[in-house]
Amino acid sequence: TVDQKGAGTLSTDAILSLSILSILFASPHTTLGFGVDPALRINVFDELKLGESYAGVFQVQGFHNESRAFLFQDSWRNVRVKEDVAEVMLQKLRDKTEFTVLATLKQERLNSGVLLSIHYAEHRYLELESSGQRNEIRLHYRTRDQRQHTEGFPYSLADDRWHKLSVAVSVSHVVLHVDCNRIYERVIENPSMDIPSDTTIWLGQRNQAHGYFKGIMQDVQLVVMPQGYISQCPDLNRTCPTCNDFHGLVQKIMELQDVLAKTSSKLSRAEEKMQGLDGCYCERSCSMNGELYREDERWTDGCRNCSCYNGTVQCETISCPPPQCPPDSAPAYVPGTCCKECQPVCLFRGRVYVEGDLKSVRDSSGNCLLFECQVSPIHSTCLHTLISVSFPLSGHHFCVEGHSPSCVENSECVNLEAGSCCSCKDGYRALRDDSAYCGDIDECAEGKHYCRENTMCVNTPGSFMCICHTGYIRIDDYSCTERDECTTGLHSCDENAICFNTVGGHSCSCKPGYVGNGTVCRALCDGLCQNGGSCVNPDTCICQQGFTGKRCETDIDECTDGFVECDSRAICVNLPGWYHCECRDGYHDNGMFSANGESCEDIDECATERHSCANDTVCFNVDGGYDCRCPHGKNCTGDCNHDNKHKHNGQIWVLDNDRCSVCSCQSGLVMCRRMVCDCESTTADLFCCPECNPGLSSQCLHQNRLITYSSGDTWVENCQQCQCMSGEVDCWPMSCPPVVDCEFTQVPEGQCCPHCITDPCQADTVRNDITKTCVDENGLTRFSGAAWTKHRTECTLCQCKVRQRGSWEYTQTVGDRHTLIYCMHSHILMNVLIQTDRYTDTHLHTEWEPDTHAHAHTHTHTHTHLHTEWEPDKDRHLQKGV
């Protein structure tokens with residue numbers, strides 16, 4: 001606000017907003033410079049005390065000398081954090097939305113191994129893996145809806161060179177740095193760090209059997225702070241807030257609004273009550289055993305003195321002074337009194353007894369005699385009386401025959417071997433040391449009750465009651481609930497689970513023979529269902545589509561079994577669980593991706609200069625290939641050009657970058673094929689033919705540790721395709737056939753790939769989601785799937801389409817040309833590749849910016865798809881990726 005003099009003053013709301021921003025963005029955990037609060041840093045090496053007693057791990061020279069480096073070898077090591085230490089580490093990471101995994105490493109070539117794994121049973125909450133077999137970095141985690149997810153980043157770390165690696169997560173935003181270069185930046189599904197107890201932490205392996213990393217690691221750390229990669233690369237200074245900062249700001253504002261609303265409501269109710277109490281006078285009173293007592297009134301209840309104070313009954317046991325008895329008497333209780341009084345005594349066999357005391361002895365014949373102390377008016381004497389000689393004394397009931405003492409208030413007589421005594425009833429405590437007088441225990445006041453939620457404890461003589469609050473129904477004697485979900489069927493338990501009604505809800509427990517969390521129960525087959533098969537009953541597996549056999553161990557070869565008929569320009573390729581029609585050599589897909597290969601068309605190798613004809617021959621394109629023809633009158637050599645190298649006709653060579661492929665030059669044509677493996681030959685190359693290695697060291701264990709695979713074997717597990725390569729298991733997400741021209745798709749239960757369906761209510765993915773919209777060039781809102789003609793044009797058709805990860809796509813048709821335009825919400829980041837000199841498969845997306853001149857480049861070596869945007873009233877630039 002501005003006053004009359006022009007001086008500016010901040011309003012209360014503005015001050016509050018600035019305070020929130022200063023609290024949120026000025027994190028108390030960051031320190032000056034690039035230091036990190038030790039409470040936010042987890043040094044895995046220090047927590048493991050690595051190097052003390054881990055077999056297969058050796059300390060070596062690292063990338064730099066500031067910290068220790070360790071060489072990980074062998075496949076029988078067990079580098080696991082101790083349970084108590086792991087819990088301390090997990091406490092720092094639990095429920096966090098921002099964290100960074102840092103490591104400096106040198107990985108052996110072609111090794112596929114896990115750098116760090118945090119998992120509970122089968123659930124991987126955070127695992128970082130580097131695959132040298134597929135040149136890929138993988139981030140495994142669990143999503144907020146408790147699904148397993150794998151994010152793959154095409155990049156080769158397994159090259160026997162030193163690299164600095166950083167993976168930073170901020171809510172749904174992940175950034176990958178390699179050697180202090182930002183390689184990938186993506187939006188992912190929110191990871192869940194709700195890590196349970198007993199979660200294990202492994203370094204350099206997934207477990208005792210799989211994911212062994214081979215190479216050197218140094219500085220493996222977890223940093224629980226925004227943009228933790230700065231501690232590894234200080235030059236990458238923080239320049240802007242993270243996604244978590246904005247999420248936190250929104251959450252703080254919502255929390256403050258909620259607190260304000262609740263406080264205002266409570267204050268209003270309190271004022272109403274105070275107004276009603278202004279003219280009211282209430283005298284406090286107490287009630288006990290049906291009697292009403294006024295404030296400060298006192299009375300005696302048995303052996304207790306009671307009073308009413310502030311509406312509450314307070315009782316204390318009567319205090320008895322110790323009696324001063326003469327030598328011929330002793331203190332004893334007298335019926336009707338609360339304190340001991342002096343009573344005459346009897347002397348019997350050197351011990352003192354008071355009147356009424358009993359003593360049993362056996363005579364020389366083994367008969368049991370019972371003596372009672374009876375005091376005469378003249379002198380004390382002990383008379384003996386023979387009780388019984390025909391049955392043992394233990395069968396005699398003294399309480400029934402009147403030998404019991406006077407058990408008066410809330411006390412009962414207990415028969416003993418040689419007499420009887422008094423014992424307080426349940427729910428009472430003794431007021432005298434002989435338990436003849438007992439008082440009620442107030443279980444409610446003393447917290448000795450078992451009443452649970454939604455109940456009120458009410459004390460009763462000798463016990464208590466749990467009364468249900470209004471609107472609740474009773475579950476048992478101690479708890480109440482709004483309703484019984486189990487009996488009404490309003491529960492979420494699996495059909496093979498037992499439902500237990502609980503306070504405020506219910507719980508589920510799987511039936512014997514089934515395992516799970518109760519909501520989902522599966523039959524127990526001891527992990528013998530292979531390739532993603534589901535155990536429906538003990539020892540009964542239902543296989544995923546594409547597999548068969550009792551244990552789903554056999555892949556159905558749709559190509560050889562006659563299930564598939566591909567176009568003549570395509571060849572059927574069998575894959576684990578499915579197949580697809582792949583264009584033959586010399587053909588490529590025209591972009592329609594038809595299922596049977598009809599979209600394959602001939603490649604003109606001559607026009608695209610993808611032939612190997614030597615300079616003395618002429619290239620002629622033919623259907624599915626090309627010919628190197630010698631001009632009339634010339635004597636041609638038939639030599640070939642391959643990778644800018646001259647090869648003679650008939651020459652055979654091994655590829656420089658693939659020792660398992662052999663090529664030959666035949667009349668100008670280069671023919672390459674994979675090396676044929678002859679396992680009976682003693683000269684078989686085990687690198688190219690791992691299946692020929694019979695050694696136990698080359699075998700792999702299945703994830704259930706019950707099945708053994710030979711080198712070269714493949715299988716499917718949890719929608720991952722796995723392969724055993726010389727004793728190491730490498731798994732990657734299954735590739736699925738493309739789903740073309742499909743409005744609604746669903747991944748059926750027990751399967752991994754989506755299928756077309758017609759019911760939108762059962763769909764997992766809707767291509768045209770009408771809940772999402774686009775804004776056209778005139779500012780009008782268009783539903784997803786809508787198409788319209790651009791204003792003042794007749795040849796431009798626009799359509800609003802939904803792309804993955806929240807981007808929007810306009811399809812503009814100008815004549816016979818199609819240009820893709822991408823519009824995306826400002827708070828959603830796309831998969832962006834930053835310049836790098838390494839091989840990768842990259843999709844570079846740019847944004848639609850009207851009235852600007854867009855220009856985009858990429859410097860990757862191969863497989864780059866570059867889309868430019870549509871710019872109204874500007875020159876359009878359509879650039880092709882290499």
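Any value given below was found using the heavy atoms of this structure, including those in side chains, with hydrogens, waters and symmetry copies removed. Keep in mind the model is a prediction, meaning the values are calculated, not measured.
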State which residues pass ring pair (Phe, Tyr, Trp, His ring centres under 6.0 Å) with His646; sequence neighbours excluded, sorted by chain then number. His648

Within the 4.5 Å heavy-atom criterion, are Tyr141 and Val169 side-chain neighbours or not? no

Less than 4.0 angstrom from a charged side-chain N to a carboxylate O is my criterion; do Arg68 and Asp46 meet it? yes

Below 4.0 angstrom, N of the basic side chain to O of the carboxylate: do Glu136 and Arg138 qualify? yes

So do the side chains of Val101 and Val223 get within less than 4.5 Å of each other, counting heavy atoms only? no

With side chains defined as the heavy atoms from C-beta onward, is the minimum distance between Lys647 and Val670 less than 4.5 Å? no

Aromatic plane relationship, His119 with Trp202 - under 30° parallel, 30 to 60° tilted, over 60° perpendicular: parallel

Determine whether the side chains of Asp678 and Ser681 contain a donor N or O and an acceptor N or O closer than 3.5 Å. no

Do Thr143 and His149 get their side chains close enough for a donor-acceptor pair, meaning under 3.5 Å? no

SG to SG below 2.5 angstrom is the rule I want applied to Cys722 and Cys731. Does it hold? yes

OH on Tyr120 to OH on Tyr125, rounded to 0.5 Å: 8.5 Å

Would you say that Glu47 contacts Ile42 through its side chain, given a criterion of any heavy-atom pair below 4.5 Å between the two side chains? yes

Residues two or more places apart in sequence or in another chain: which of them pass ring pair (Phe, Tyr, Trp, His ring centres under 6.0 Å) with Phe63? Trp162

Residues forming a ring pair (Phe, Tyr, Trp, His ring centres under 6.0 Å) with Tyr579, sequence neighbours excluded: none

How would you list all residue pairs meeting salt bridge (Lys or Arg N to Asp or Glu O under 4.0 Å) that involve residues 102-112, not counting sequence neighbours? none

N/O donor-acceptor pair under 3.5 Å between Arg206 side chain and Val114 backbone: no

I'd like to know if Arg94 pairs up with Glu87 as an ion pair, taking the criterion as any Lys NZ or Arg NE/NH1/NH2 lying under 4.0 Å from an Asp or Glu carboxylate oxygen. yes

Is the gap between the SG atoms of Cys700 and Cys724 under 2.5 Å? yes

Whether Glu151 and Arg186 form a salt bridge (side-chain N of Lys/Arg under 4.0 Å from carboxylate O of Asp/Glu) is what I want to check. yes

Sequence-distant partners of Arg124, side-chain hydrogen bond (donor to acceptor under 3.5 Å, both in side chains), two or more places apart: Glu127

Non-neighbouring partners of Gln232 that pass side-chain hydrogen bond (donor to acceptor under 3.5 Å, both in side chains), sequence neighbours left out: none

With a 6.0 Å cut-off on ring centres, are Phe45 and Phe70 close enough? yes

Does a side-chain N-to-carboxylate-O contact under 4.0 Å join Arg147 and Asp145? yes

